[in-house]
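Worksheet: one structure, shown below.
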There are 2 protein chains.
Amino acid sequence: MRWLAFRFFQVPNGRRQILNFLLPGDLFSTVAVFEERLHFSAQTLTEARLSGFGRAEIKARWADNPRMTAALAKSSAAEAYNADGLMIALGQRSAEERIAYLFLHLIQRISTRSVIRDQRYRLPLRQQHIADAVGLTPVHVSRVISLFRDRGLIEFSGGVLQVLNLPELSRIGSLDY
Amino acid sequence: MRWLAFRFFQVPNGRRQILNFLLPGDLFSTVAVFEERLHFSAQTLTEARLSGFGRAEIKARWADNPRMTAALAKSSAAEAYNADGLMIALGQRSAEERIAYLFLHLIQRISTRSVIRDQRYRLPLRQQHIADAVGLTPVHVSRVISLFRDRGLIEFSGGVLQVLNLPELSRIGSLDY
DNA sequence: CGATCGGTTGATATGAATCAACGTGCGTGG
DNA sequence: CCACGCACGTTGATTCATATCAACCGATCG
């Protein structure tokens, strides 16, 4: 991954929820195109390269530009789809399932963007970020990842994820829907 | 509320996550306008009145109809906003907070649609639905609602929610963002 | 070379799940 | 019209998954 960022909400009680991760080529937020005031924040995990568009400019060009319209619709649909997946994970699934789900989700998105060798993915996250994304504590994330490591499913350290047993990881994390 | 429905995903393990509730006037799903295959299901809680639109028809009229474009954009933004709220609730908040949040969210949406008397809201849900929406068991939902009742915050039975202490309910459930 | 950060590990605490029993209202069929 | 069954909710006892608290370790960095 060339760079990585995330969108999150800081909860008054001190916790935060990571709402999604942003990868190269992602629209930062489809809603942001239409809404002036945003309820969330965003932060990069690496150096990142952003392109900005004026809201007025987009709106002006949008009506007569079917390709832009289609791109926005597609981005919006993907956001909704991903949000549904995370809600399902957070609401109904165990710690192991959530973490496996997150890894699977990320490696799938990364795979559409770059060629992957030996199932190694650059994923510059700390366990804290995983915890904030899947609604667990960093301590518990550490335990689950250790468990995965002991079972030979993955290696994860130094910002690199290596998948060693994809079928089993999928069995745990996938919803296959 | 004249009628009520919800959008949900059936998890292979037998649980289900309610992704959102649909109220009169809501677009069923913005994504459904563009995508052929949907990953979720929907169900009504009461008799409901639906209007259908052909996907082709919408697409054809969409380019040259700025009002429709705006309506879709607005609906899509609201969906994303609500999804963020639920992800935050599911990921970071306690059982009491989640349930208070859900009630607040629903009464707010209902209030924009009908005139409310005496803080009484028709809300034809079973505790099972609340449980499926906020990621708890029906048993625990029952306990929390009893607690709220004992503290004089709400009454909830027979499909009617009566709010008795809105400030306190808000203090518990609101994120005030 | 000490300090800080991220991760690991162990002990204990706790919120919510699970298991189970019971109550109540309601619809249905005898 | 009664009796039974069923859906829904309540309540108590217990279990379990994850949080919390705390100590420690290794790497990195000023």
Side-chain angles (χ1 to χ4, degrees), chain A residues 4 6 11 13-18 43 45-46 89-103 122-151 153-162 172-173, chain B residues 4 6 11 13-18 43-46 88-103 122-151 153-162 172-173:
Chain A
L4 190 58
F6 60 93
V11 184
N13 67 15
R15 294 162 137 142
R16 75 177 173 189
Q17 175 66 38
I18 291 183
Q43 190 174 315
L45 284 158
T46 60
L90 292 173
Q92 308 299 335
R93 311 188 70 201
S94 72
E96 285 189 31
E97 289 170 328
R98 292 186 216 181
I99 292 172
Y101 167 78
L102 180 64
F103 282 144
R122 180 155 173 275
L123 209 52
L125 302 175
R126 331 231 130 264
Q127 295 190 351
Q128 177 72 60
H129 298 112
I130 297 174
D132 290 342
V134 299
L136 298 168
T137 56
V139 175
H140 202 64
V141 169
S142 168
R143 291 189 217 274
V144 171
I145 288 179
S146 300
L147 201 66
F148 284 174
R149 185 172 16 243
D150 293 348
R151 292 200 227 140
L153 302 187
I154 58 167
E155 276 301 324
F156 179 65
S157 72
V160 174
L161 172 69
Q162 168 131 36
I172 296 169
Chain B
L4 190 59
F6 60 93
V11 185
N13 66 16
R15 294 160 138 144
R16 75 177 173 188
Q17 176 66 37
I18 291 184
Q43 189 174 319
T44 63
L45 285 158
T46 62
I88 293 160
L90 292 172
Q92 308 299 333
R93 310 188 71 201
S94 71
E96 285 190 29
E97 290 170 328
R98 291 187 216 181
I99 291 171
Y101 166 80
L102 180 63
F103 282 144
R122 191 164 115 68
L123 210 52
L125 301 175
R126 337 205 144 284
Q127 295 190 353
Q128 177 73 61
H129 298 113
I130 297 174
D132 290 343
V134 299
L136 298 168
T137 56
V139 175
H140 202 64
V141 169
S142 169
R143 291 189 217 274
V144 171
I145 287 179
S146 301
L147 201 66
F148 284 174
R149 186 175 10 245
D150 294 348
R151 292 199 227 142
L153 301 187
I154 59 168
E155 274 304 322
F156 179 65
S157 72
V160 175
L161 173 69
Q162 168 131 36
I172 296 169

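Below, read A as the first sequence line, B as the second, and so on, with proteins coming before strands; counting in each chain starts at 1.
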Between B:E96 and B:R151, does a salt bridge (charged side-chain N to carboxylate O under 4.0 Å, His left out) hold up when you go through it step by step?
CA-CA 12 Å; B:E96 285 190 29; B:R151 292 199 227 142; 2.9 Å; yes
Measure the angle between the two terminal helix axes of the helix from C:dC1-D:dG30 to C:dG30-D:dC1, five base pairs each, and quote it to 10°.
30°
Between B:Q17 and B:L90, the two heavy atoms sitting closest are NE2-CD1, 3.8 Å
For B:F103 and B:F156, what are the C-alpha separation, side-chain angles and deciding distance, and is it a ring-ring contact (aromatic ring centres under 6.0 Å, His included)?
CA-CA 10 Å; B:F103 282 144; B:F156 179 65; 5.5 Å; yes
Answer yes or no: is there a side-chain heavy-atom contact under 4.5 Å between A:H140 and A:S142?
no
Short side-chain to backbone donor-acceptor contact, A:R16 and A:V11, under 3.5 Å
no
Find out whether B:F6 and B:T44 are in side-chain contact, i.e. whether some heavy atom of one side chain is under 4.5 Å from a heavy atom of the other.
no
Leading and trailing nucleotides of DNA chain C with any atom under 4.0 Å from heavy atoms of chain A
C:dG6 to C:dA11
Locate the shortest heavy-atom distance separating B:L4 from B:T46; write the atom from each residue and the value.
N-OG1, 3.2 Å
Looking only at heavy atoms, the pair that brings A:I172 and A:A100 closest together is CG2-CB, 3.8 Å
What distance do B:L123 atom CG and B:Q162 atom CD have between them, rounded to the nearest 0.5 Å?
12.5 Å
Per-nucleotide protein contact along nucleotides 8-19 of chain D, 5' to 3', at a 4.0 Å heavy-atom cut-off (B base, S sugar-phosphate only, - neither), is SSBBBB----SS
How long is the gap from OG1 on B:T137 to CZ on B:R15, to the nearest 0.5 Å?
9.0 Å
